[in-house]
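Inspection log for the structure reproduced underneath, given as structure tokens.
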Amino acid sequence: MKKILLLIFDGLGDQPIASLDNRTPLEMAAKKNLDSLAERGSCGVIQPLPEGLYPTSEECHLALFGYDFQKDYPGRGVLEALGLDLKLNGKEIAFRANFGTVDDDLILKDPRAGLITDVRMLAHAVSGKEIGGINFELVPSLGHRAVLILRGEPVNGYLSEVRRAVITDTDPHKAGPHQLGVRVLKPRDEAKTEKGQLIAKALEEYQLHTHQILNTHPVNQKRRRQGQPLANFILTRGSGNILSRPSFRAKYGLRACCIAGAPLYKGIARYLGMTVREVRGATGTLETNIKSKVKSTKLALREYDFVFLHFKGTDIAAEDYGDPRLKTDFIQRVDKQLGSLPRQDIVIAVTGDHSTVCATKDHSADPVPLLIYDGIHQDAVLSFGEKECRRGRLGTISGADLMPLLLKLGGKNV
Ligand code: ZN
């Protein structure tokens, strides 16, 4: 069987930009290696999620890996926790948490606490608290981010009643552009169970308790003196718990390896039972060490049947900066390193998890360009881009179609 490499540029697709002669950042990019793969391979476009749904990175990745993006989705908190390599055994509720700034009436002033860069001391000060038989562990992640893990008898009881924890978000991030000036939300159990309501109440108590501690913590006293927003509230969202699901190996018989920088993608890979290879300088940012990641990919291809290589820069350029030139530049810098990839006995697929549009700085449901090189099949497409790929012989495929196609081309019977 051939090896399979799936390269995902996060948020790869985009819309034509008037100032770029109606071309997209991908179409603008000088990318001889990607174009060569497109020329010698087959192209198409992917619609990762069914039409009409907002494409989140985590759900789109699950779909591309051939999983049910709803049934198999454990919640963002679980994926973030696994991304930090925390060991979860199914008896926890995990939340994604952000340190934010609130005033004395708990009105949200800054959901990222002035982009605080290090929350380790603050997290340490409020981690380990016990309320109503529930232990609250807060683990710091990148920047203002953290993961909040709840354990204890009430949690076990709740999880035996519901398939997935559905404690609502306290981060009013869905309140739209007016989220600033909104009070933080009270958590509740969407499943409306008695135990879930107790957990929600304990979480609220934990948030109020930690708000007091954080307000007077030396880190925040210093921030107050320097006129910086205080990191004085733990905003939670994306509750979830480990669900039973087949591993990648059980599902496809493939030994799989992931090379990624951002915790979320490592978490998705670990959730599916892939080995995550840590790469020096892989940061999940625009400054990530592209060369090291590609080098590690080549080594991993010797040992594993399937390698998932992820780059986040394309999404960051579009979503955080809305800058098409930055997106083009990132694609070019990755492309430069792709010339050394093997082309024998391999299936190489390149696509994105969704489109991220520079003009709106948001994900969109626009189909994402796809190329598949297997050394055999070819079509008339000569370059890798949104318009060109639509003419490819693969046509429009769904997220769920990708893995069966790759396995077939790889020579694997499923
Ligand atoms: Zn994404």
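We count ligands from 1, going down the list as the structure has it; atoms in each ligand are counted the same way. Residue numbers count from 1 along this sequence.
- Looking at Ser36 and Tyr373, their side chains never bring a donor and an acceptor atom within 3.5 Å of each other.
- When ring centroids are compared, Phe306 and Tyr252 stay outside the 6.0 Å threshold.
- Within the coordination shell of the Zn ion (ligand 1), defined by N, O or S atoms under 2.8 Å, Asp315 is absent.
- For residue His363, no N/O/S atom approaches the Zn ion (ligand 1) to within less than 2.8 Å.
- Looking only at atom types and distance, the side chain of Gln207 has a donor-acceptor partner in the side chain of Thr170 under 3.5 Å away.
- At the Zn ion (ligand 1), the angle from OD1 in Asp10 to OG in Ser57 is 120° when rounded to 10°.
- None of Leu309, Val307, Leu37 except one satisfies the side chain to side chain contact (heavy atoms under 4.5 Å, CB included) rule with Ile348; the exception is Leu37.
- Closest to the Zn ion (ligand 1) among the N, O or S atoms of His354 is NE2.
- The closest approach of Asp353 to the Zn ion (ligand 1), by N/O/S atoms, is made by OD2.
- A salt bridge links Lys266 with Glu278; the closest basic N to acidic carboxylate O contact falls under 4.0 Å.
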